[in-house]
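Quick caveat: nothing in here was measured; it's all calculated off a predicted structure.
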Amino acid sequence: SRTCARTRPSACAGMASPWSAPALGRRLLAASLRRSAQRLLAGNPSPAGASIGLERLRCLGVGSAAVATVAEARTNTTPAAAAADSHLRCAYRWCNSKDELLRTTQGPVKVAVAYPYSTSDCLGSIKQARKYNSFDSHAQLWNCIVDHLLAGKSHNLHEVFLSDQPRCLYFDIDGHDPALGDMHEAIIEALRCFVRWFFGGDGLGWAPNAPEPVVLLSANPHKYSCHVHFPEIQFLDFAKQQDYMRLMLEALPAVEVDFDNGETLSIAKVVDAIPYLKFQLLRGAYACKMVEGELLPQTVFEPEGYFKDNPLTVFAGYVNPEYALVLPPADELAANEELRAVLERRRQHQEVRARRNIGASPQDQQYLWLADFQRFDSPLGRVADFAGLTDVETFESALPWLHPSRVSQFWSWFRISGVTARMLRAHDRDERAQSRILGAHMKWSKGYHNFSFQENEELIHQSARTPLLPGLRWLLDLVRFDNPDVEVRSSLIENKPHLLTQWPVPRRPLVDAAMPPPGFADFT
């Protein structure tokens, strides 16, 4: 979902903010660097290439004996490892687009960062695009992050997964309930137990605590958000990942967490099912979000710890074969009777929805058509009459009929942005109609407490690249679903039920492709 109000009390009352960039860097890195020095003293050096600069240890207060030991250990490192240690910039030139990145033969570890630019329109708004680069190893990437933090500089580095690259199992967790921050440990443990059950870890002889998660937690006071990686669960490439994730995401709604206060949480409601694409970006360790051209330090993803004290395990793209657990082939998972029963119940539930003439993708089934969004006795009345209205008038009139909570849920916001993109394209020669369409969308979206015009505009542009977009028929189906006791009248869709509607491929882009700088459309 889009938001979660969660507070984190400051332990520095009366002092400089602990979220200022220099204080943030020193605070987050001190503990991990001291652990690295202690490992070297104990004869257990960091993973190859994950070197620690001597000046870094001194400025963070590590003892002189530890620094001397690090210096001795560093004399045995390879020139490549040492060279990767002290640069704030990447070793390769920046690529301005995804296509340019895919054509290069640069290092195997791909990254992306956001950068702002000002538009030339009358609003002079700030938008953001992405540029891409590479590192020769995850150790080099880690050292770049260390350098940024020690220099007091925030960063926005995202891991980039190409379709042919290996990756570990990861989840993107977002919650809308303000209390979820206090339930963080229970949520992570429930997710870990689900992963173990899904793969049949007991029968495969996994250790009792396997798989161990690596958690990157955001301290954003307005949202509960974290990334969870499992370094022991490894996939060869995107295709292998998809073989498992299709089943895993389908079974996830069966997992619920019961809390002491009597509340129950379905894990599926906080796990984002979207970030599993052929070309996928995933915000990295200590990375901040960029909002309206600014990096927000309070959104930094801070690792709660490392797997086997290896800092490189904060990267979902770091695959160490020594950590890998034995996994059953995806086609054999159906032999698990419990899993088969869960999937069968889920599919029966989907068939019931299909018989109600609600066409939906798997993500729609899981996140959109939820009973929580249905309301009775709508304050707008018992009849929603769209008959005789133009498509622009229908769009303007339909949005207020949606359940108010949808504006705070990411998937609803994402799908409705797709309707908006399709409407804008249909009226690409009518500026007045486009202004009304965009105005209606923004008016609806302002119901979200952390509303951003730029964020909405960017998502609409992103949605415009999707080949299958929902339209007004889909939007009015949503109105019907949200208001079961309301009569919806429309000449547009009356007596035309549809299942799994296939929308046509857009005829032309929403805006001239030359307007934004290269890389603008590469958001994921």
Side-chain angles (χ1 to χ4, degrees), residues 25 28-29 47 49-51 80-81 83-117 128-151 153-168 170 172 214 216 218 227 229 231 235 237-238 241 275-290 295-297 299-303 306 310-320 517-524:
L28 299 184
L29 263 294
S51 50
D85 180 43
S86 59
H87 295 287
L88 286 174
R89 62 178 184 272
C90 299
Y92 298 94
R93 69 175 183 85
W94 288 95
C95 300
N96 289 322
S97 70
K98 176 177 70 176
D99 292 338
E100 184 180 352
L101 176 72
L102 296 176
R103 290 194 300 267
T104 66
T105 57
Q106 297 178 352
V109 180
K110 311 296 184 183
V111 296
V113 297
Y115 66 91
Y117 68 94
Q128 65 186 59
R130 292 201 184 278
K131 57 183 179 180
Y132 302 86
N133 214 312
S134 305
F135 290 89
D136 292 325
S137 67
H138 285 93
Q140 191 182 57
L141 171 58
W142 170 251
N143 284 323
C144 178
I145 292 173
V146 169
D147 281 327
H148 273 75
L149 292 173
L150 288 171
K153 296 181 179 179
S154 299
H155 76 86
N156 180 247
L157 284 167
H158 286 60
E159 293 186 74
V160 176
F161 305 131
L162 306 185
S163 60
D164 59 349
Q165 289 183 318
R167 72 283 312 269
C168 297
Y170 60 84
D172 181 3
V214 172
L216 310 183
S218 170
H227 287 175
H229 308 161
F235 306 120
D237 52 25
F238 168 77
Q241 179 191 41
Y276 304 101
L277 305 175
K278 286 186 177 181
F279 184 85
Q280 181 62 55
L281 273 62
L282 191 69
R283 188 152 56 102
Y286 301 111
C288 301
K289 271 192 173 182
M290 177 174 284
L295 292 178
L296 303 182
T299 64
V300 66
F301 265 142
E302 178 180 352
Y306 311 135
N310 183 350
L312 303 188
T313 56
V314 300
F315 304 116
Y318 174 73
V319 175
N320 187 333
F520 167 77
D522 293 326
F523 291 99
T524 58

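Within the 4.5 Å cutoff, side-chain heavy atoms of P303 are placed close to those of Y286.
We find the OH-CG distance between Y318 and L312 to be 5.0 Å, quoted to the nearest 0.5 Å. Residue L141 holds its CG atom at 11.5 Å from CG of D136, rounded to the nearest 0.5 Å. Here the CG atom belonging to L282 is positioned 7.5 Å from the NE2 atom belonging to H158, to the nearest 0.5 angstrom. Rounded to the nearest 0.5 angstrom, W94 CH2 and T104 OG1 are separated by 12.5 Å. To the nearest 0.5 angstrom, S163 atom OG is 8.0 Å from F238 atom CZ. Expressed to the nearest 0.5 Å, how far OH of Y132 lies from OG of S97 amounts to 7.5 Å.
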Let me see the working for R93 and E100 under side chain to side chain contact (heavy atoms under 4.5 Å, CB included), right down to the final yes or no. CA-CA 11 Å; R93 69 175 183 85; E100 184 180 352; 2.7 Å; yes

Show, in sequence, the C-alpha distance, side-chain angles and deciding distance for H229 and V314, and conclude whether the side chain to side chain contact (heavy atoms under 4.5 Å, CB included) test is met. CA-CA 7 Å; H229 308 161; V314 300; 5.5 Å; no

For R130 and K98, what are the C-alpha separation, side-chain angles and deciding distance, and is it a side chain to side chain contact (heavy atoms under 4.5 Å, CB included)? CA-CA 9 Å; R130 292 201 184 278; K98 176 177 70 176; over 6 Å; no

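P108 pairs by the side-chain contact (heavy atoms from CB on, under 4.5 Å) definition with nothing, not counting sequence neighbours. With sequence neighbours left out, the side-chain contact (heavy atoms from CB on, under 4.5 Å) criterion links A287 to H155, R283. Partners of D172 according to the side-chain contact (heavy atoms from CB on, under 4.5 Å) rule, which considers only residues two or more places apart in sequence or in another chain, are D174, H227, D272, P275.
With hydrogens and angles ignored, the 3.5 Å screen pairs no side-chain donor or acceptor of K153 with any backbone N or O of L150. A donor-acceptor contact shorter than 3.5 Å is absent between the side chain of Q241 and the backbone of R167. Of the possible polar contacts, none joining the T313 side chain to the P231 backbone as a donor-acceptor pair under 3.5 Å is found. A donor-acceptor distance shorter than 3.5 angstrom exists from the side chain of E159 to the backbone of G317, with no hydrogens or angles considered.
For F235 and Y276, the distance between ring centers is not under 6.0 angstrom.
In this structure, V111 and S134 approach most closely via the heavy-atom pair CG2-N, 4.4 Å. The two residues V109 and S137 come nearest to each other via the heavy atoms CG2-C, 3.6 Å. Closest of all the heavy-atom pairs between Y170 and A316 is CD2-CB, 4.0 Å.
Between F315 and H138, the two ring planes are tilted [angle within 30° to 60°].
No side-chain donor-acceptor contact under 3.5 Å links N156 and Y115.
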